[in-house]
Amino acid sequence: MQQHLYEPVHDEFRALCRAFLAREAVPYHDRWEADGIVDREVWRRAGAAGLLGMDVPEEYGGGGQRDFRFNAVLVEEVVAAGCSGLGFGLHNDVVAPYLTELGTEEQRRRWLPGFCSGDLVTAIAMSEPGAGSDLAGIRTTAVRDGDGYVLNGQKTFITNGELADLVVVVVKTAADRGAHGVSLIVVERGTPGFTRGRRLAKVGLKANDTAELFFDDCRVPAENLLGTENEGFYHLMGNLPRERLGIAVAAVAAAERLLAVTVEYARSRQAFGQPIGAFQHNRFLLAELDTEITIARTFLNHCVAELDAGRLSAVDAAKVKWWTTELQNRVADRCVQLHGGYGYMLEYPVAKAWLDGRVQTIYGGTTEIMKEIIGRELGL
């Protein structure tokens, strides 16, 4: 499909991203998968290449481009390269707006230069062993004590959790107020009482470090409060549409990559004296997937434009998130099937993409939660 979203400047940035990944990530990704974590140095090299903090103001070391299309291009190229271990998307698309929009001037000057250079890797800690989609149900607490807060609790499934130098932690500062008692506090590497648990063994995304975090009488300075005390839930709700859009960008890029790989396989793989793509069932199946992916791309591009215009609603973000991620998993399943036994072999990209993509309908808000958001908007 002819793209109408991107301009020549985005194409130039795409070429930069593609060259960077080919040089700094693709040759090492198999080793990273075996290690369960990427090399720290790749973050610094990404910062030097201008791939971190593209929309952070230039005065703090960022690119100064308030244009989510640059973020989308990087995500698309990471997916196309198969470099699922790189947590750049969470850093750029999820954490950046918390720091730039909620941070004080002192906080921005303290954290954003390292954020953009890759010297400070970031994460956001929402999920807990007993609270995932229900953010109001978190149990990690932060009690004000003099000039600081004392944190106690546990977080799990934290992307970039092991590498992170700055973690935006979702806490309860008024335990009896439910969603009205949630705050965001930044915890820095080396803070006493802040420890990391085991590196979690996942089905896919093997090279992306996902960890448990523990806070045991962890004392954090009061100036690390991000935004307004007890209004963290509203801060989260304001930024979740952008996070969900970033997940949708990855979903459509993955579906497009899977289709391209499978169409090529269907042209070259012979069965019963002809290419498998020549069988009507397979040809029709690929035609259906191509159509659905085109529709998803069209809606996704609309949502990206809406975000940049400041108009992306929580409902449209929920729609694009659940639809594209469910489509990604459906495409992956069909493409594995069309590859036959080879589709089950990890040396084939469809197998790895099938494993890596399964979490897409879960994190950032499950498909079921997305439908709840949409259903409530319908007055149901």
Side-chain angles (χ1 to χ4, degrees), residues 1 3 5-6 14 17-18 21-22 25-26 29 32-33 38 68-69 71-90 92-94 159 202-208 210 243-266 285-286 288-301 303-304 317 319-339 342-367 370:
M1 184 183 72
Q3 284 273 18
L5 180 67
Y6 298 116
R14 187 181 299 280
C17 295
R18 192 170 294 174
L21 293 166
V26 173
H29 204 272
W32 294 343
E33 293 249 330
V38 305
F68 189 77
R69 290 176 292 181
N71 299 57
V73 165
L74 177 57
V75 170
E76 289 172 353
E77 290 305 310
V78 167
V79 170
C83 295
S84 57
L86 297 173
F88 298 162
L90 183 134
N92 286 326
D93 304 344
V94 180
T159 301
K202 307 185 297 296
V203 169
L205 302 177
K206 300 282 191 181
N208 184 254
T210 306
E243 175 180 352
R244 288 165 179 161
L245 181 61
I247 294 170
V249 170
V252 173
E256 290 171 337
R257 175 175 178 250
L258 281 162
L259 179 65
V261 167
T262 304
V263 167
E264 182 58 34
Y265 184 81
L285 175 58
L286 290 168
E288 291 169 6
L289 296 181
D290 183 56
T291 303
E292 292 183 62
I293 292 169
T294 299
I295 293 168
R297 166 59 70 179
T298 302
F299 184 45
L300 173 69
N301 287 0
C303 289
V304 170
K319 289 177 181 178
V320 76
K321 196 274 180 184
W322 89 258
W323 176 260
T324 59
T325 56
E326 292 287 348
L327 174 63
Q328 176 187 356
N329 279 326
R330 190 163 65 252
V331 170
D333 183 75
R334 302 299 186 272
C335 290
V336 166
Q337 186 71 21
L338 284 168
H339 276 75
Y342 292 108
Y344 203 62
M345 300 296 109
L346 282 174
E347 63 190 272
Y348 277 71
V350 291
K352 182 174 177 296
W354 180 50
L355 294 172
D356 286 344
R358 185 59 187 86
V359 72
Q360 287 273 81
T361 61
I362 299 171
Y363 59 21
T366 64
T367 292
M370 298 303 96

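Scored by the salt bridge (Lys or Arg N to Asp or Glu O under 4.0 Å) test, Asp356 finds Lys352 as partners (sequence neighbours excluded). Applying the salt bridge (Lys or Arg N to Asp or Glu O under 4.0 Å) criterion to Glu243, with sequence neighbours excluded, gives no partner residue. Contacts of Glu326 classified as salt bridge (Lys or Arg N to Asp or Glu O under 4.0 Å), with partners at least two apart in sequence or in another chain: none. With sequence neighbours left out, Gln337 forms a side chain to side chain donor-acceptor pair (under 3.5 Å) with no residue at all. Applying the salt bridge (Lys or Arg N to Asp or Glu O under 4.0 Å) rule to Arg14 yields the partners Glu76, Glu77; only residues at least two apart in sequence or on another chain are considered. Every residue meeting the side-chain contact (heavy atoms from CB on, under 4.5 Å) condition with Tyr342, not counting sequence neighbours, appears here in chain and number order: Tyr265, Arg269, Tyr348.
With hydrogens and angles disregarded, a donor-acceptor distance shorter than 3.5 Å links the side chain of Arg257 to the backbone of Ala80. Under a 3.5 Å cut-off, the side chain of Arg297 and the backbone N or O of Val252 do not form any donor-acceptor pair. Panel note: side chain Lys321, backbone Gly364; no donor-acceptor pair is recorded below 3.5 Å. In terms of modelled atom types and a separation under 3.5 Å, the side chain of Arg358 and the main chain of Gly204 share no donor-acceptor contact.
A salt bridge does not link Arg334 to Glu288: none of the charged side-chain nitrogens sits closer than 4.0 Å to a carboxylate oxygen.
Taking every heavy atom of both residues into account, Ala351 and Met345 meet most closely at CB-O, 3.2 Å.
Checking Asn71 against Asn92 by side-chain atom types alone, no donor-acceptor pair falls below 3.5 Å.
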Legend entry - Worked check of side chain to side chain contact (heavy atoms under 4.5 Å, CB included) between Leu258 and Leu289: CA-CA 10 Å; Leu258 281 162; Leu289 296 181; over 6 Å; no

